[in-house]
Amino acid sequence: MKTSARRTVTTSALAATTAGLMALGLGTASAHVNVSPASTTAGGYTQLNFSVPSESDTALTEKIEVQLPTDSPFTSVRAKPVEGWTAEVVRGELPEPVEIDGATVTEGVLSVIWTADSAEDQLTADEYQIFSLSVGRLPEEGTTVTLPAIQTYSDGSVSSWDEVAEEGAEEPESPAPSFVTTAETEEGGHHSTEAADEAEAADAEQASATESTTNQPVLWVALAAGLLGLVAGVLALVRTRSTK
């Protein structure tokens with residue numbers, strides 16, 4: 001009886017705990033498309049890594065589209081190849097012309113679309129994939145770069161990750177991937193210059209060592225030729241004296 005009662009209490013406690021976690025939104029993992037930039041330095045280039053989980057229990061993720069900024073468009077966009085997926089860089093006319101480095105730009109890259117090559121390459125509910133872009137240049141310090149994503153499933157359903165989080169408010173149900181640019185530091189530039197100088201010095205040292213090694217056979221040949229000449233001169237002198 002005591003054992004049965006303990007089991008009943010334990011089961012009730014677990015049920016209550018699970019219900020509480022679910023009420024707080026912790027019952028299941030919060031899975032949505034998010035972005036992790038390798039660097040956020042304003043004016044620089046970076047790699048954007050998009051983590052795409054597949055949440056549907058009844059369908060597979062077959063396509064993912066990431067929309068890029070049009071108010072401060074990237075002047076360089078390159079997609080990293082993903083095995084089993086085909087990337088399409090979509091270019092077109094910007095909603096409004098923008099000024100970049102004193103030039104008026106009316107067209108740019110609007111989005112990048114990855115599509116699974118076959119059903120075997122589509123993502124199941126237990127899988128995720130990383131899709132990467134190399135982009136630049138990043139806008140000025142303090143800019144929130146918002147990158148809405150559209151996830152399409154094999155049954156035709158669509159998940160739009162495009163809600164912008166407002167400061168001080170809770171995270172929206174379908175947040176858009178985003179990050180904030182930061183200032184370039186003098187320390188970072190110093191380290192970069194120092195590393196370049198060290199690499200140049202190492203290359204010069206290696207080149208010098210290579211040249212020295214390459215010239216060694218020539219030096220040995222010249223030395224041997226000099227010795228042979230000296231011996232020949234001595235023999236000639238000996239012969240001359242013997243004749244006299």
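FYI, side chains are in, hydrogens and waters are out, and symmetry mates aren't considered; it's all heavy atoms of this structure. Computed from a predicted structure; not experimentally measured.
- The closest donor-acceptor contact from the side chain of Ser56 to the backbone of Thr58 lies under 3.5 Å.
- For residues 77-121, the set of pairs meeting the ring-ring contact (aromatic ring centres under 6.0 Å, His included) definition, not counting sequence neighbours, comprises Trp85-Phe131, Trp114-Phe131.
- Looking at Ser54 and Glu127, their side chains never bring a donor and an acceptor atom within 3.5 Å of each other.
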Show the atom names and distances, to 0.1 Å, of all donor-acceptor pairs under 3.5 Å that link a side chain in residues 93-108 to residues at least two apart or in another chain.
residue, atom, partner, partner atom, Å
Glu99, OE2, Thr104, OG1, 2.6
Asp101, OD1, Arg137, NH2, 3.1
Asp101, OD2, Arg137, NH2, 2.4

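- Summarising the hydrophobic clusters (Ile, Leu, Val, Met, Phe, Trp, Tyr; side-chain heavy atoms under 4.5 Å, direct or chained), the residues clustered with Ile150 are Val158.
- Listed by chain and number, the residues in a side-chain contact (heavy atoms from CB on, under 4.5 Å) with Pro175 are His32, Trp161, Glu171, Pro172 (sequence neighbours excluded).
- As a member of the Ile/Leu/Val/Met/Phe/Trp/Tyr network built from side-chain separations under 4.5 Å, Leu60 groups with nothing else and remains a singleton.
- Using a 4.5 Å heavy-atom threshold, the side chains of Leu110 and Arg91 count as separate.
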Please tabulate, for side-chain N and O atoms in residues 63-75, each donor-acceptor pair with protein atoms closer than 3.5 Å (sequence neighbours left out).
residue, atom, partner, partner atom, Å
Glu65, OE2, Ser111, OG, 3.4
Thr75, OG1, Gly136, O, 3.4

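- No path of Ile, Leu, Val, Met, Phe, Trp and Tyr side chains, each step under 4.5 Å between heavy atoms, connects Tyr45 with Phe50, placing them in separate hydrophobic clusters.
- Here the OG-CD distance, from Ser174 to Glu163, works out to 4.5 Å after rounding to the nearest 0.5 Å.
- The shortest distance between side-chain heavy atoms of Val90 and Ile113 falls below 4.5 Å.
- Linking ILVMFWY residues whenever their side-chain heavy atoms come closer than 4.5 Å, directly or via other members, places Leu133 and Val89 in the same cluster.
- Under the salt bridge (Lys or Arg N to Asp or Glu O under 4.0 Å) criterion, Arg78 pairs with no residue, sequence neighbours left out.
- One hydrophobic cluster, built from ILVMFWY side chains closer than 4.5 Å, holds both Val52 and Phe179.
- Rounding to the nearest 0.5 angstrom, the gap separating the CG atom in Asp121 from the OG1 atom in Thr61 is 13.0 Å.
- The two residues Gln122 and Ala116 have their closest heavy-atom pair at CG-CB, 3.6 Å.
- Every residue meeting the side-chain contact (heavy atoms from CB on, under 4.5 Å) condition with Ser36, not counting sequence neighbours, appears here in chain and number order: Asn34.
- In this structure a side-chain-to-backbone donor-acceptor pair under 3.5 Å is present from Thr181 to Thr143.
- Placement of Val135 and Val82 within a single hydrophobic cluster is found when ILVMFWY residues are connected by side-chain heavy-atom separations under 4.5 Å, directly or transitively.
- Glu55 contributes atom CD, which lies 6.0 Å from atom OG of Ser159 (distance to the nearest 0.5 angstrom).
- A search for side-chain contact (heavy atoms from CB on, under 4.5 Å) contacts involving Ala38 returns Thr46, Gln47, not counting sequence neighbours.
- Under the side chain to side chain contact (heavy atoms under 4.5 Å, CB included) rule, Val145 has a single partner from Pro139, Ser178, Pro37, which is Pro139.
- Using a 4.5 Å cut-off on side-chain heavy atoms (C-beta onward), Leu48 and Leu147 make contact.
- Judged purely by atom type and a 3.5 angstrom limit, Glu184 has no side-chain atom pairing as donor or acceptor with the backbone of Gly44.
- Contact annotation: the side chain of Val112 never approaches that of Glu88 to less than 4.5 Å [non-hydrogen atoms, C-beta and beyond].
- In this structure Thr86 satisfies the side-chain contact (heavy atoms from CB on, under 4.5 Å) test together with Asp117, sequence neighbours excluded.
- For Asp155, the salt bridge (Lys or Arg N to Asp or Glu O under 4.0 Å) criterion is met by no residue, not counting sequence neighbours.
- Alongside Tyr153, the hydrophobic cluster contains no other residue (criterion: ILVMFWY side chains under 4.5 Å).
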